[in-house]
Amino acid sequence: MAPSLDDESSLFNFVVRDGNGVKGIVDSGISKVPRPYIHPPAEQINKKNASKCEIPPIDLSKLDGPEHDEVANQIVRAAETLGFFQVVNHGVPIQLLDTLKQTAHNFFGLPAERKAVYRKEVSPSPLMKYGTSFVPEKEKALEWKDYISIAYTNDDEALQQWPTECRDVALQYLKTSHEMAKKLLAAFMANLGVELDDSNIDAFIGKKMVNMNFYPTCPNPELTVGVGRHSHMGTLTILLQDGIGGLYVKVPEDIDIEKKGEWVEIPPIPGALVINIGDMLQIWSNGRYKSAEHRVRTTSTKSRVSIPIFTSPQATQKVAPLPHVVEKDGMAHYREFLFSDYMNSFFWECT
């Protein structure tokens, strides 16, 4: 039964508790965005006022050849400026990326009761959470997004506990992208004077999570957002976006490049993956690498999917600017902390 758009309690129960999500609202035949999803004008995304990021993708296959140093410099330069870049020839099969996008559409196309079994309150495993918006119980304005979040611990637990509807393809995506993540991190760390190997890699990307995000068509895209402005709290994010577009990044204010302070769109490139720097990499680099704010616009033409892999340290890892970077810079711009404390603060401040 469709909810009353004027009864916020009924709408909340329909969307969140019953597992219908934003997709359920759209499927009910709405013609306008419900009031809880309308964002303040300052947070609404005006597509006409944003330009596209014209930076060409980086060919990662060249890291294994004579052009290694040149490509590594491109990667570092991207991290030091926008904090976002796209990569091609990354080693993740294009057919797998296509299958991932279709699998995401198939999952969110399931009946609400099939998805609702993975809600945080009733999920059969703490590794999986199906939800909508970000923290809908606390947000002043809701996001036009449904998602399933799947944490990776080891292969056995993934095979036993991940949702069968997306388990195999999500696990393959995570495993085939790991080598790429190691190559990127090695380039970032080498520039900071750290040699990455099997003994220390978990200190940087020991924790991994796969999300599938679904942004249903929206009758008034200009009034709401798919995801509000935020940065990622982890180390590196690997993002597969479909051909629809809608990812916007704010050019950092503290760098000397064109368009600083403006929002630019990261346009979809067939076969490419988007890489963005997280807060931890910014901190380890003492601010050299940029964890940029970004957000997602909705669309009235077609539902959009995106599939990110989030990498981060383990919760018990201590994080601080690298000592020899601090020595070179003359001072540390961040204090040392436990990553678990940062996570708690991150989710508290985002609500």
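Side chains included, hydrogens not; waters and symmetry mates left out as well; all remaining heavy atoms used.
Two residues are said to be in side-chain contact when any heavy atoms from C-beta on lie closer than 4.5 Å; Ile307 and Leu239 fail this criterion. Looking at Pro219 and Ser31, their side chains never come closer than 4.5 Å, going by heavy atoms from C-beta outward. The closest side-chain heavy-atom distance from Leu97 to Leu240 is below 4.5 Å. Using a 4.5 Å heavy-atom cutoff, the side chains of Lys207 and Pro313 are not in contact. Taking 4.5 Å as the limit, some side-chain heavy atom of Leu247 sits within range of a side-chain heavy atom of Gln241. Residues Leu127 and Tyr152 are not in side-chain contact: their nearest non-hydrogen atoms beyond the backbone lie 4.5 Å or more apart. A heavy-atom distance below 4.5 Å is found between the side chains of Met189 and Phe204. Between Lys250 and Glu262, the closest side-chain pair of non-hydrogen atoms is not below 4.5 Å.
Counting only distance, with no hydrogens or angles, the side chain of Arg304 and the backbone of Tyr215 share no donor-acceptor pair below 3.5 Å. The backbone N or O of Asp69 lies less than 3.5 Å from a partner atom in the side chain of Asn73, making a donor-acceptor pair. Remark: the backbone N or O of Ser199 is paired with a side-chain donor or acceptor of Asp197 at under 3.5 angstrom. With Ser149 contributing its side chain and Asn211 its backbone, the two residues share no donor-acceptor pair below 3.5 Å. Between the side chain of Asn154 and the backbone N or O of Asp156 there is at least one donor-acceptor pair closer than 3.5 Å. Side chain of Thr298 to main chain of Cys218: no donor-acceptor pair is present (N/O by atom type, distance under 3.5 Å, no hydrogens or angles). Between the side chain of Asn191 and the backbone N or O of Ala187, no donor-acceptor pair lies under 3.5 Å. For the pair Glu70 (side chain) and Leu63 (backbone), a donor-acceptor distance under 3.5 Å is absent. Without hydrogens or angle criteria, Trp162 side chain to Ala151 main chain gives a donor-acceptor distance under 3.5 Å. Without hydrogens or angle criteria, Thr311 side chain to Leu236 main chain gives a donor-acceptor distance under 3.5 Å.
With Cys53 as reference, Val264 is the one residue of Val251, Val264, Val249 to meet the side-chain contact (heavy atoms from CB on, under 4.5 Å) rule.
No close placement of the Tyr130 and Tyr118 rings is indicated, their centers lying 6.0 Å or farther apart. A centroid separation of 6.0 Å or more is found between the aromatic rings of Trp284 and Tyr334.
For the 3.5 Å distance criterion, the side chains of Thr176 and Gln172 fail to qualify, holding no donor opposite an acceptor. A donor-acceptor contact closer than 3.5 angstrom links the side chains of Ser133 and Glu139. A donor atom on one side chain and an acceptor atom on the other are found under 3.5 Å apart for Thr301 and Thr299. The closest side-chain donor-acceptor pair between Asp98 and Gln102, if any, does not fall under 3.5 angstrom. Counting only N and O atoms by type, the side chains of Gln282 and Arg288 include no donor and acceptor under 3.5 Å apart.
The pair Glu80-Arg77 does not meet the salt-bridge criterion, since no charged nitrogen lies less than 4.0 angstrom from a carboxylate oxygen. A salt bridge links Asp64 and Lys183; the closest N-O separation between the charged side-chain nitrogens and carboxylate oxygens is under 4.0 Å. Using a cut-off of 4.0 Å between Lys/Arg side-chain N and Asp/Glu carboxylate O, Lys115 and Asp146 are scored as not salt-bridged. Taking a cutoff of 4.0 Å between a charged side-chain nitrogen and a carboxylate oxygen, Arg229 and Glu43 qualify as a salt bridge. The existence of a salt bridge linking Lys175 and Asp155 is confirmed by a sub-4.0 Å separation between a basic side-chain nitrogen and an acidic carboxylate oxygen. At a threshold of 4.0 Å, the pair Glu165-Arg114 counts as salt-bridged, since one of the basic side-chain nitrogens sits closer than that to a carboxylate oxygen.
Other residues, nucleotides and ligands contribute only 12 or fewer heavy atoms inside 6.0 Å of the CD atom of Gln95. Heavy atoms from other residues, nucleotides or ligands lying under 6.0 Å from CG of Asp198 number 12 at most. No more than 12 heavy atoms of other residues, nucleotides or ligands sit less than 6.0 Å from atom CD of Glu195.
Under the 4.5 Å side-chain heavy-atom criterion for Ile, Leu, Val, Met, Phe, Trp and Tyr, Ile30 and Val33 are members of the same hydrophobic cluster. Cluster membership for Ile75 and Leu322, using ILVMFWY side-chain heavy atoms within less than 4.5 angstrom, is shared. Both Leu174 and Ile201 belong to a common hydrophobic cluster when Ile, Leu, Val, Met, Phe, Trp and Tyr are linked at side-chain heavy-atom distances under 4.5 angstrom.
A ring pair (Phe, Tyr, Trp, His ring centres under 6.0 Å) check over residues 289-322, counting only residues at least two apart or in different chains, returns the pairs Phe84-His294, Phe188-Tyr289, His230-His294, His232-His294, His232-Phe310.
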Where do Val319 and Tyr342 land on the side chain to side chain contact (heavy atoms under 4.5 Å, CB included) test, with the steps shown first? CA-CA 9 Å; Val319 178; Tyr342 192 90; over 6 Å; no
Could you go through the side chain to side chain contact (heavy atoms under 4.5 Å, CB included) check for Val117 and Ser123 one step at a time? CA-CA 6 Å; Val117 300; Ser123 178; over 6 Å; no
Begin from the C-alpha positions of Leu82 and Ile266 and carry the test side chain to side chain contact (heavy atoms under 4.5 Å, CB included) through to its verdict. CA-CA 11 Å; Leu82 188 59; Ile266 307 295; 4.2 Å; yes
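As a member of the Ile/Leu/Val/Met/Phe/Trp/Tyr network built from side-chain separations under 4.5 Å, Ile45 groups with Val225, Tyr248, Trp263. In the hydrophobic clustering, Ile244 connects to no other residue, as no ILVMFWY side-chain heavy atoms lie under 4.5 Å from its own.
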